[in-house]
Amino acid sequence: MQPQPATRSALRPRLGRTAAGLLGAAALLASAGSAPALSNNDGNRSETIELPGASSAEGITAEDDGTFYAGDLFKGDIYLGDLALGTAEQFIDAPSGRMAVGMDLDTRSGILAVAGGTAGDAYFYDVDDGDTVATMALTKDANAFINDVIFSGGGAWFTNSVKGELYFVPVDRDGGIGDVETLDLSGPAGDVTGDFNLNGIAATDDDDTLIVAHTARKAVYTVDTDDGESQVIADVNVPYVDGIELDGRNLWTVQNFDNKIARWRLDSDLESGELRDTITDKAFQVPTTAAGVGDQLLAVNAKFDTGLPPKAKKFEVVVVDAFGND
């Protein structure tokens, strides 16, 4: 039974799903590594918000007021949530064949950008009414996994987990979508010898530098947006790194199968980082991405430990304190 949509939703009829795309995504996700045992930590810093009717989950983004958007990975649907109320509802019933991996919101234009996984696409939605503004092919390569996205410098930057390149799509203040540009990466971030490479992405406040997570290398890198040159952020060792969140010099790395989120303090030159906190919680079940709201993090439980696609009966956002030990 489909959940009742939120009032902003513009629903579309559900059609049959494309099995090949779902199976391809499952195979690629599985190649990221076998699952270690769940955390035995006894701490509990959290509360949870269920995504009613979701069949899977992966990406999330949030506004300062606690409004958040989370995605159903394999169906592509988008949920609208309220942190203060502790509730979420289906907002966008995505057309057949779409996935929803990472996502980010441009508050200037009210555009939600969603990474489209194995389709090689990006989807742009108007959060006022849930309508699709644009569907854009980021690459013509049949072997693609568009994984995450961040708005920076007047547009949206997307990662591809199987190619050493980023994609930039201009988005103006009125929600106009420009043509895609490809940035070839040099240095370690461009390495694609692993099965699952570039993953999460963040941007500095001045829009000059991107930070990308690299799952296979268990590392994070800076990327110059002008020429694609990349450099390692030293001393940041992050097995199973997935989504990342940056606020000033604080970098949170979501480490999915390790069931933890680490907080690193980066130096002023973004050349190295120091571990300041490790967030674990009984409610974590393979968290993939997180969004910051004030002093809290909203982390999505993907539950990949139950299978791919996941066999779990429900999916939720876990709310934890972002700052612990300093």
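The shown structure was predicted, so the numbers you read here are calculated from the model rather than taken from an experiment.
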>> As a quick check of understanding, evaluate side chain to side chain contact (heavy atoms under 4.5 Å, CB included) for Gln296 and Val320, giving each step before the final call.
In response: CA-CA 6 Å; Gln296 294 178 302; Val320 295; over 6 Å; no
>> My understanding is that a hydrophobic cluster links ILVMFWY residues whose side chain heavy atoms are under 4.5 Å apart, including indirect links. Using that, what else belongs to the cluster containing Val223?
In response: Ile150, Trp157, Leu166, Phe168, Leu183, Leu185, Leu198, Ile201, Leu210, Val212, Tyr221, Val232
> When Ile, Leu, Val, Met, Phe, Trp and Tyr are grouped by side-chain heavy atoms lying under 4.5 Å apart, directly or through other members, which residues fall in the same group as Phe315?
Replying inline: none
>> For Asp106, give me all partners under salt bridge (charged side-chain N to carboxylate O under 4.0 Å, His left out), at least two apart in sequence or on another chain.
In response: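 Result, salt bridge (charged side-chain N to carboxylate O under 4.0 Å, His left out) vs Asp106: Arg108.
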> Of all residues at least two apart in sequence or in a different chain, which pass the ring pair (Phe, Tyr, Trp, His ring centres under 6.0 Å) check with Phe151?
Replying inline: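 In terms of ring pair (Phe, Tyr, Trp, His ring centres under 6.0 Å), with neighbours along the sequence ignored, Phe151 is linked to no residue.
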Nearest 0.5 angstrom please: [X] [atom1] to [Y] [atom2], how far?
{"X": "Thr139", "Y": "Tyr167", "atom1": "OG1", "atom2": "OH", "result": "4.0 Å"}
{"X": "Asp141", "Y": "Asn160", "atom1": "CG", "atom2": "CG", "result": "7.5 Å"}
{"X": "Asp121", "Y": "Ile146", "atom1": "CG", "atom2": "CD1", "result": "8.0 Å"}
{"X": "Asp224", "Y": "Thr209", "atom1": "CG", "atom2": "OG1", "result": "6.5 Å"}

> Of the non-hydrogen atoms in Ala203 and Leu246, which two are nearest, and what is the gap between them?
Replying inline: O-CD2, 3.5 Å
> Looking at residues at least two apart in the chain, or sitting in another chain, which of them share a side chain to side chain contact (heavy atoms under 4.5 Å, CB included) with Lys314?
Replying inline: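 In terms of side chain to side chain contact (heavy atoms under 4.5 Å, CB included), with neighbours along the sequence ignored, Lys314 is linked to Glu50, Lys303, Glu316.
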>> Asp208: which residues meet the side chain to side chain contact (heavy atoms under 4.5 Å, CB included) condition with it, sequence neighbours left out?
In response: Asp206
>> Around atom CZ of Arg173, are there more than 12 heavy atoms from other residues, nucleotides or ligands closer than 6.0 Å?
In response: no
>> Within the supplied structure, the quantity of interest is the number of heavy atoms (other residues, nucleotides, ligands) at a distance under 6.0 Å from Asp269 CG; does it exceed 12?
In response: yes
According to a hydrophobic-cluster definition based on side-chain heavy atoms being under 4.5 Å apart (Ile, Leu, Val, Met, Phe, Trp, Tyr only), do [X] and [Y] belong together?
{"X": "Tyr69", "Y": "Val114", "result": "yes"}
{"X": "Val101", "Y": "Phe124", "result": "no"}
{"X": "Ile211", "Y": "Val238", "result": "yes"}

May I ask you to check whether [X] and [Y] show a side-chain donor-acceptor distance below 3.5 Å?
{"X": "Asn256", "Y": "Thr288", "value": "no"}
{"X": "Ser56", "Y": "Asp72", "value": "yes"}
{"X": "Asp267", "Y": "Ser272", "value": "yes"}
{"X": "Thr159", "Y": "Asp148", "value": "no"}
{"X": "Glu89", "Y": "Thr87", "value": "no"}

> Which class fits the ring pair Phe257 and Tyr240: parallel under 30°, tilted 30 to 60°, perpendicular over 60°?
Replying inline: perpendicular
